[in-house]
Number of protein chains: 2
Amino acid sequence: MSGPATQIVDDDPAVRDALQWLLKSRGVQSQAWESADDFLSSASRELCGCLLLDVRMPGMSGIELFDRLRALNCRLPVIFLTGHGDVPMAVQALKDGAFDFIEKPYDDNALVDKVLAALEHDLKRCARENSVLLVRQNLAQLTQREQEVMQLILAGKLNKVIADQLGIAMRTVEVHRSHIFEKMQVRSAVELSQVLGLLGNKPEAEN
Amino acid sequence: MSGPATQIVDDDPAVRDALQWLLKSRGVQSQAWESADDFLSSASRELCGCLLLDVRMPGMSGIELFDRLRALNCRLPVIFLTGHGDVPMAVQALKDGAFDFIEKPYDDNALVDKVLAALEHDLKRCARENSVLLVRQNLAQLTQREQEVMQLILAGKLNKVIADQLGIAMRTVEVHRSHIFEKMQVRSAVELSQVLGLLGNKPEAEN
DNA sequence: AGCCGGTTTGCGGAAATCCACAATTGGCGC
DNA sequence: GCGCCAATTGTGGATTTCCGCAAACCGGCT
């Protein structure tokens with residue numbers, strides 16, 4: 001559980017050892033896996049850090065593992081490693097959201113730099129992810145009715161209008177309103193809209 | 001000025017003609033330029049569409065032109081074309097925000113698809129850009145004082161508190177407030193915060 | 001039946017917002 | 001100096017928000 005670590009997936013034991021040794025020498029923790037299935041079945045999807053994936057492996061390829069993880073809503077930054085990379089493959093991987101794409105043989109310093117960049121990137125991502133999660137949790141404990149009222153509040157409507165529109169008394173709207181603020185841990189409609197603004201805005205959308 | 005068009009920059013006349021013919025046959029307007037300098041000096045930076053850049057050219061390379069444009073705050077999607085592309089170059093270009101990277105010889109259909117994707121992408125970008133521009137214009141006509149007050153409003157503070165903090169009467173704050181809403185073309189603090197939320201959220205951040 | 005939580009409503013008052021009307025001050029340009 | 005504009009303030013009233021206190025209804029669970 002500790003800090004951010006690098007997950008290495010490569011079928012070649014020599015490569016795994018070399019990478020682990022290299023990273024360890026630079027103070028980067030890492031775990032290594034022999035195959036994509038191995039990683040998928042054992043690793044937590046909640047972790048923070050980055051992935052170093054070999055493209056060509058027996059069984060599931062690195063690319064396929066990447067796709068699987070994205071489908072599983074795992075946003076860990078992925079650095080591909082390949083000895084037979086071609087341009088179209090690299091381009092596709094990057095456009096699909098891979099963090100980097102490195103050809104073997106790799107330069108030690110360059111690789112470490114990219115890993116460090118990925119780790120730093122993921123720290124920010126995790127921070128964002130966590131605040132988004134918090135907001136979602138707050139949002140989840142809102143009643144159906146409260147969510148309706150919230151929508152109307154965010155639409156900038158006055159309590160009076162909301163009451164009319166929902167066919168209820170203004171007082172009721174006021175009660176909902178205060179419950180919403182309480183559960184969402186904000187103290188004004190402005191804060192509410194700002195907090196909610198975090199949800200729709202992923203700084204990294206596919207280009 | 002018409003609709004979105006593709007700007008082609010390639011030193012080889014045969015390639016330019018082939019591309020223009022290909023695009024025209026698919027209903028895509030295009031303009032061609034012989035060199036990066038040529039394009040830079042003649043083309044408007046306000047247009048909408050996409051760029052098709054040859055990487056290797058006498059004088060300024062496509063990559064360099066790309067960097068120049070980014071420095072000039074031009075966000076047009078760029079598709080690189082190259083006959084001697086290597087993986088690191090493609091990766092760097094994509095990480096720097098290029099839209100795509102195609103090797104020559106290219107497949108006609110694939111290239112057109114990518115161009116169309118870029119054009120569609122740019123339509124959305126332009127739409128976003130325009131609304132952002134509008135907001136900026138509104139923001140620009142706010143007085144110094146009004147901007148200060150706006151910040152405090154967005155911080156969720158009450159008029160009374162704002163008045164204290166700025167050392168002015170509450171009435172003055174109210175006046176500023178109404179001026180702000182008027183100039184920003186919104187009718188409540190909630191709308192204001194939503195409109196302002198558009199500014200900080202570029203869907204495309206560098207990875 | 002009894003309890004609980006969501007939804008609803010009313011009353012009444014404190015606080016805040018919104019606004020029209022009115023006015024003063026100070027800087028800037030013609 | 002005069003006009004213009006930003007910034008400032010005041011008065012007073014209409015409207016809205018915010019809240020505590022109280023209570024009713026209903027569906028689900030024990």
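Below, read A as the first sequence line, B as the second, and so on, with proteins coming before strands; counting in each chain starts at 1. Predicted model only: the values in this text are computed from it and were never measured.
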* Members of residues 137-162 of chain A that approach DNA chain D, where some heavy atom sits under 4.0 Å away ->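 Leu158(A), Asn159(A), Lys160(A), in order of number.
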Distance in angstrom units between [X] [atom1] and [N] [atom2], rounded:
X: Leu166(A); N: dG6(C); atom1: CG; atom2: C1'; value: 15 Å
X: Asp164(B); N: dA16(C); atom1: CG; atom2: C1'; value: 14 Å
X: His176(B); N: dC19(C); atom1: NE2; atom2: P; value: 16 Å

* To do: Quick one, give me the B/S/- string for nucleotides 20-28 of chain C, reading 5' to 3', where B means a protein heavy atom under 4.0 Å from the base and S means that only happens at the primed atoms, P, OP1 or OP2.
  => BB-------
* Less than 4.5 Å apart, any side-chain heavy atom of Thr82(A) and any of Val87(B)? ->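 Side-chain contact under 4.5 Å: no.
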* Asked: Tell me, do Val9(B) and Arg16(B) make a side-chain contact under 4.5 Å, heavy atoms counted?
  ->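 Answer no - side chains too far apart.
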* Asked: Quick one: salt bridge (Lys or Arg N to Asp or Glu O under 4.0 Å) partners of Arg171(B), sequence neighbours excluded?
  ->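 If we apply the salt bridge (Lys or Arg N to Asp or Glu O under 4.0 Å) test to Arg171(B), skipping adjacent residues, the hits are Glu174(B).
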* Asked: With sequence neighbours left out, what residues match Lys183(A) under salt bridge (Lys or Arg N to Asp or Glu O under 4.0 Å)?
  ->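 Salt bridge (Lys or Arg N to Asp or Glu O under 4.0 Å) check on Lys183(A) returns Glu146(A).
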* To do: Decide whether Arg125(A) and Asn130(A) meet the rule of one side-chain donor and one side-chain acceptor closer than 3.5 Å.
  =>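 Side chains of Arg125(A) and Asn130(A): no pair found under 3.5 Å.
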* Side chains of Ser193(A) and Gln194(B): donor-acceptor distance under 3.5 Å anywhere? ->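 There is no such pair (donor and acceptor under 3.5 Å, judged by atom type) between the side chains of Ser193(A) and Gln194(B).
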* Asked: When the nearest nucleotide of DNA chain D is assigned to Phe181(A) and to Met170(B) on a heavy-atom basis, which residue is associated with the more 5' position?
  ->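 The residue closer to the strand's 5' end, by nearest nucleotide, is Met170(B).
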* To do: May I have all residue pairs that pass salt bridge (Lys or Arg N to Asp or Glu O under 4.0 Å) and include part of residues 32-44 of chain B, sequence neighbours excluded?
  =>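 Matches after skipping sequence neighbours: none remain.
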* Within 6.0 Å of CZ in Arg68(A), more than 12 heavy atoms from elsewhere ->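 Result for CZ/Arg68(A): open.
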* Asked: What is the bend of the helix from dA1(C)-dT30(D) to dC30(C)-dG1(D) when you compare the axis at one end with the axis at the other, using five pairs each and rounding to 10°?
  ->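 End-to-end axis angle: 30°.
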* Asked: Taking the inter-plane angle between the rings of Phe80(A) and Phe66(A) on a 0 to 90° scale, is it parallel (under 30°), tilted (30 to 60°) or perpendicular (over 60°)?
  ->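 Phe80(A) vs Phe66(A) ring planes: perpendicular.
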* Could you tell me whether the phosphate oxygens of dT9(C), OP1 or OP2, come under 4.0 Å of any side-chain nitrogen or oxygen in Thr172(A)? =>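 Yes, because at least one side-chain N or O of Thr172(A) sits under 4.0 Å from OP1 or OP2 of dT9(C).
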* To do: Nearest-nucleotide wise, let me know which of Arg177(B) and His179(A) is further upstream toward the 5' end of DNA chain C.
  =>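 On the 5' side of the pair lies His179(A).
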* To do: Answer yes or no: is there an ion pair linking Asp100(B) with Lys114(B), defined by an N-O contact shorter than 4.0 Å?
  =>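 Salt bridge between Asp100(B) and Lys114(B), a charged N being under 4.0 Å from a carboxylate O: yes.
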* **Distance under 6.0 Å and angle within 45° of ring axis: Lys95(A) vs Phe99(B)** =>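 Yes, a cation-pi geometry holds between Lys95(A) and Phe99(B).
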